[in-house]
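The structure under discussion appears below in the form of structure tokens.
What you see is a predicted model; the values in this text were computed from it and never measured. Per chain, numbering begins at 1; letters A, B, ... match sequence-line order.
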Amino acid sequence: MEQVILAKVALSAATFAIDKPYDYLLPDELRESAAPGMRVLVPFGAGNRRIEGIILALSRGQPAPRLKAVIALLDDTPVLDSESIQLALWMRERYFCTVYDAARAMLPAGLYFSLQDQYRIAKGVDKEAAYEAAGRSDHARRILDLAYACGGTAEMGQIRAAFGTKDPNPALKQLTERGVLTLETSASRGVGDKTEQVVSLAVPPEEALALVAPKRKTAPLRYAVVELLSAVGQASSKEICYFTGASAATLRSLVKSGLAVMEKREVFRRAAPEQTEPAQPVVLNEEQAAAFEGIDRLCGAGKSAAALLYGVTGSGKTQVYIRLIEETLKRGRGAMVLVPEIALTPQLLHIFTSHFGDAIAVLHSSLRAGERYDEWKRVRSGKARVVIGTRSAVFAPLQNLGLIVLDEEQEYTYKSENVPRYHARDVAKFRCARSNAVLLLGSATPSVESMYLAKTGVYHLFTLRSRYNTRALPQVQIVDMKRELRGGNGSDISQQLREELKANLDRGEQSILFLNRRGNSRMAACGECGEVPSCPRCSAYLTYHSANGRLMCHYCGHSERLPDACPHCGGAFHFIGSGTQKVQEELEELFPGTEVMRMDTDTVSAVQSHEKLLARFEKEKVPILVGTQMVAKGLDFENVTLVGVISADLSLYVDDYRAGERTFSLLTQVVGRAGRGEKTGRAIIQTFTPENEVIATAAAQDYDTFYQQEITMRRLRGCPPFRDLFVLTASGTEESRVLRMCVRLRRTLESWFADPAYQGLDVQLLGPAPASVAKVNNRYRYRLTISGHNSKTMRALVAALLCAAHSDKEMKGVSVFADVNPMD
DNA sequence: AGCACGCCGACT
DNA sequence: GTCGGCGTGCTC
């Protein structure tokens with residue numbers, strides 16, 4: 001029998017339950033150019049709607065009767081190599097996402113296509129014949145009217161809009177079958193690539209305002225947009241939406257009514273790479289050299305390995321990284337450095353640029369789509385052989401990978417909270433295994449999991465115990481805030497801290513105060529009745545953005561103007577939140593005439609200003625800096641000799657097995673900020689629970705004791721690394737149904753576990769319980785947790801459960817997803 | 001998810 | 001009689 005070429009394709013339209021490689025026939029004319037890793041346009045489902053897919057493999061095979069054919073190729077070179085395809089398949093199994101979800105995470109947004117279907121009147125069909133074919137069908141006639149009105153082609157979007165709630169598909173199908181219409185699909189490159197939408201007024205501002213003013217009450221957004229444009233002339237549609245709360249639809253309607261015009265404008269790509277002096281060669285001290293040699297030996301062995309570099313704050317891990325990368329490049333291989341957040345590591349970026357210059361590509365989420373795409377291409381082409389970036393950079397198309405460094409590996413930003421819910425550490429491990437590369441986890445306070453694996457010999461362990469220039473650790477003092485309170489001091493600043501600050505001011509030395517808050521956001525609260533505006537769609541408070549003066553919801557994006565007065569009692573609003581402002585005020589009262597600099601999301605908007613603030617703090621020797629978590633990271637200032645932690649407890653008493661680890665890490669980092677220069681540093685930790693072991697060990701900078709306590713607790717409580725938590729989240733608009741879904745899931749699992757085949761499986765079911773944010777976007781969320789071991793069997797069970805939930809007919813409208821060891 | 005097929009009520 | 005409602009089942 002005649003052999004044909006089959007393409008195995010992962011589909012963008014597939015959900016997890018139906019996701020698998022689908023077989024398509026590859027037409028002869030595509031045989032030459034098609035290759036695995038290319039995206040394709042294929043028909044799918046009973047309606048043969050055209051969707052995007054990606055070729056996973058090509059093979060010869062027998063023509064099956066129900067096989068459909070690939071319509072077109074969307075790429076001329078593969079966008080994924082075979083390793084990436086393997087990784088995508090692995091991610092599906094590991095993170096319960098579709099293969100396409102995984103592929104999407106690997107590609108820069110600038111590569112996305114948006115598919116547009118359009119129906120064209122077929123060649124050689126005249127108007128009369130067309131309407132005859134439409135017969136008495138009202139729908140078909142309307143489609144033809146539309147097509148002829150638009151010069152013979154009607155876009156699917158137009159047709160849908162014209163039909164409203166009615167379904168145009170039967171009529172379209174009829175016309176297509178009778179040869180009157182032909183379907184064409186065009187693929188255009190995705191959003192934001194090199195251009196942005198700029199909106200400006202089409203008429204003079206006064207005229208525009210006069211036109212929208214009468215309807216100010218009924219169409220406030222239109223008015224707000226016109227008002228903004230009158231003031232600023234033109235703005236990108238993104239900015240307008242942010243500042244006014246208008247949607248893209250509002251902008252379109254303004255354009256449609258002739259008030260505004262929208263045009264695409266080129267935006268400038270990548271700011272010219274900062275010119276830095278070539279760096280001096282790195283000189284390692286004895287300890288660093290030992291670690292370097294040990295790790296480099298692993299790299300040279302050409303086998304995959306993982307190592308943990310445990311180096312106390314200031315022990316110079318970066319120098320070790322640089323030497324390792326140099327050697328990796330010498331071997332002709334590529335290297336990757338992952339950091340928790342690019343904005344917080346300007347110094348690190350600077351150092352790497354000065355060492356590797358143009359060989360570096362920087363990838364992180366706040367790059368514009370075009371910039372990211374450019375960097376991605378530089379990596380793929382081999383021009384850039386060192387990649388530095390955040391979580392998603394772990395997918396960079398770096399060839400011949402030799403080394404991946406995960407700096408500050410304990411940071412939670414390495415875990416994705418969106419689909420695909422991957423952990424960069426796991427993906428890095430996979431890539432290293434495939435490329436015989438070395439994974440290096442670096443940290444001053446390693447995650448308990450990683451240290452456990454290092455201690456049990458799974459990872460090689462390298463330790464840097466001495467601080468750079470053998471500087472002494474700061475002297476740490478714990479202050480009991482309960483006693484302060486009893487002593488009549490209700491403020492945020494204890495007696496001791498005040499005295500130390502005074503001493504620093506007298507000596508002309510600088511101090512940093514750290515507020516241990518998880519979020520940096522500000523809420524509006526009524527001064528009279530205490531009302532805090534919350535989101536109408538989510539069970540969350542709205543946060544106040546001073547940049548646009550609006551209240552916004554972090555979960556669903558809802559945004560509203562800050563009311564002039566409390567809608568309940570008419571009282572005035574004031575702002576509560578990270579509390580940095582309050583501390584700033586207290587300090588200004590304590591030390592009149594002293595400048596107190598504040599750093600939180602309210603004073604920091606972009607990467608730039610974060611750096612600028614710090615530069616000013618350093619250069620002008622601003623006496624006191626108050627800030628949230630962003631002051632804890634990577635700041636090295638000679639003249640800072642005092643660090644104060646205002647409220648050490650706040651991150652500790654939350655319902656998360658990682659709370660201790662996170663608090664220890666934060667406190668250690670903050671304390672390490674003191675005394676980087678010639679002078680010895682001091683640190684003060686204020687707490688209401690001075691007896692707490694996490695705080696005590698952090699104050700003593702005693703990771704080993706902290707680790708021993710924590711690992712014992714993890715073992716006792718059945719938390720990672722001893723067990724894994726599979727969290728299933730059900731969501732839907734009806735709370736009772738969502739809860740019922742969780743109960744059903746639990747029952748299903750219990751019945752499966754009763755099967756003798758699973759007798760040996762060591763599992764425990766917890767919940768259902770409402771998610772920490774119980775409602776998002778009007779959808780209620782409940783969670784069911786399975787504590788067990790992340791084995792193939794367990795993952796298969798969870799996958800089967802998701803499929804069962806999907807096909808549960810009584811549970812329509814409730815969706816379920818799974819996450820392994822989530823971060824909240 | 002999204003679409004077709006199929007089976008019941010209210011309309012020309 | 002048919003148009004159109006939404007329950008059910010499949011997607012190469």
Next item on the list: List the protein contact pattern of nucleotides 6-12 of chain C with one symbol per nucleotide (5' to 3'): B for base contact, S for sugar-phosphate-only contact, - for none; contact means a heavy-atom distance under 4.0 Å.
Entry: --BS-BB
Next item on the list: Look at atom OH of A:Tyr131 and say whether more than 12 heavy atoms of other residues, nucleotides or ligands are closer to it than 6.0 Å.
Entry: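 Counting neighbours around OH of A:Tyr131, more than 12 heavy atoms of other residues, nucleotides or ligands fall under 6.0 Å, so yes.
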Margin query: If you count heavy atoms of other groups shown closer than 6.0 angstrom to CD of A:Glu93, is the number above 12?
Written below: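 Count over threshold, so yes.
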Measure the distance from [atom1] on [X] to [atom2] on [N] and round it to the nearest whole Å.
| X | N | atom1 | atom2 | answer |
| --- | --- | --- | --- | --- |
| A:Leu172 | B:dG2 | CG | P | 17 Å |
| A:Met811 | B:dA1 | CE | P | 14 Å |
| A:Asp117 | B:dC3 | CG | P | 10 Å |

Next item on the list: Let me know, please, whether A:Lys173 or A:Ser815 comes out on the 5' side of the other along DNA chain B by nearest nucleotide.
Entry: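 Final value for this comparison: A:Ser815.
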Note to self: Distance check, rounded to the nearest 0.5 Å: A:Phe395 atom CZ versus A:Trp376 atom CH2?
What the structure shows: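 Here the rounded value is 13.5 Å.
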Next item on the list: Please round to the nearest 0.5 Å and tell me the distance separating atom CG of A:Leu728 and atom CG of A:Leu749.
Entry: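 One finds 7.0 Å between CG of A:Leu728 and CG of A:Leu749.
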Item checked: Closest non-hydrogen atom pair, A:Arg104 against A:Ser12 ->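 Distance-wise, the nearest heavy atoms are NH2-CB, 4.1 Å.
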Next item on the list: Kindly state whether the ring of A:Tyr22 and the ring of A:Phe44 have centres lying under 6.0 angstrom apart.
Entry: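 Ring centroids of A:Tyr22 and A:Phe44 are less than 6.0 Å from each other.
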